[in-house]
Each structure stands twice: as structure tokens, then as C-alpha cells.
Amino acid sequence: MTALLIAYALNVLDYAITAYWVNLYGTDVEANPLMRWYFENNIAWAVKIYGVGALMAVVGICINKKPRTAWAAWVLLVVYSAIALYHLALVFITNSF
């Protein structure tokens, strides 16, 4: 369950950094076309905070019911860790902050 909470925190970090860049440079910095559309329509915060949170809650419920599904939390942690490292590397390379 800890892996799931850390993955969610990294999701929030991903949203915060992306929102910052979108405010600076516009929606062209978002490579994901679906998230770009969400940013253009000002609903990205709801999708990232509530939508992803709800999906992670479902994963947490599945883990509680069937502990063999705990691998899913680790997959989410690896994916969001890679995204967070990518964003942090871009921040330092481009001196965005």
C-alpha cells in the first residue's frame, strides 16, 4: 500500500510540474494529446487529482481483496517514478525554476 501512496504523490508532482510549464509556455509542452486537451479545457487538475486518485483507490481495494495483485502498485510506482525523474531532469536541464 505504501508503493501506491508514493505513486499517487508522484502523480501530484507530475501534475504540478506540468501545470507550471503549461502556464509558462502553453499547452504545446504537454506531449500527451489527451492531457493537452484537458489542460486546454481547464479540467486537467480534476483528472490528475481525482481521476487518477480514484483509479489508484480501486487498485488499493483490489490489493486488499487479493494480495496477489500487489504487483500493480509496484508497476504504478515504477511508471510514476520514471515520469517524475524525467520531469525533474527537464527542470534542471532547462533551468525552468
Under a 4.5 Å cut-off applied to non-hydrogen side-chain atoms, are Leu10 and Ile83 in contact?
no

Are Asp28 and Trp21 close enough that some pair of their side-chain heavy atoms sits under 4.5 Å apart?
no

Taken to the nearest 0.5 Å, the spacing of Asn64 CG from Thr69 OG1 works out to 8.5 Å

ILVMFWY cluster, Val22 and Val12 together (side-chain gap under 4.5 Å):
yes

Is Leu90 reachable from Val29 through a run of hydrophobic residues whose side-chain heavy atoms are each under 4.5 Å from the next?
yes

When you compare the side chain of Tyr80 with that of Met56, does any pair of heavy atoms fall below 4.5 Å?
yes

Is a side-chain N or O of Asn41 found less than 3.5 angstrom from the main chain of Ile43, in a donor-acceptor match?
no

Tell me whether Val58 shares a hydrophobic cluster with Trp71, the cluster being built from Ile, Leu, Val, Met, Phe, Trp, Tyr side chains joined at under 4.5 Å.
no

Roughly how far, to the nearest 0.5 Å, is the OH atom of Tyr15 from the OH atom of Tyr38?
13.5 Å

Identify the two heavy atoms, one from Asp14 and one from Thr18, that lie closest to each other, and give their separation to 0.1 Å.
O-OG1, 2.8 Å

Between Leu85 and Phe92, is there a shared hydrophobic cluster once you connect ILVMFWY residues whose side-chain heavy atoms come closer than 4.5 Å?
no

Tightest non-hydrogen contact, residues Tyr8 and Ile49, listed as OH-O, 2.9 Å

Is there a side-chain contact between Thr2 and Ile6 in this structure, where contact means two heavy atoms from C-beta onward sitting under 4.5 Å apart?
yes

Is any side-chain heavy atom of Leu4 closer than 4.5 Å to a side-chain heavy atom of Leu77?
no

Tightest non-hydrogen contact, residues Ala73 and Ile63, listed as CB-CD1, 3.7 Å

Please examine the side chains of Met35 and Lys48, heavy atoms only from C-beta on, and report whether any two atoms are closer than 4.5 Å.
yes

Co-membership, hydrophobic cluster, residues Leu5 and Leu55, 4.5 Å side-chain
no

Determine, stepwise, if the pair Thr27 / Trp37 fulfils side chain to side chain contact (heavy atoms under 4.5 Å, CB included).
CA-CA 8 Å; Thr27 57; Trp37 185 84; over 6 Å; no

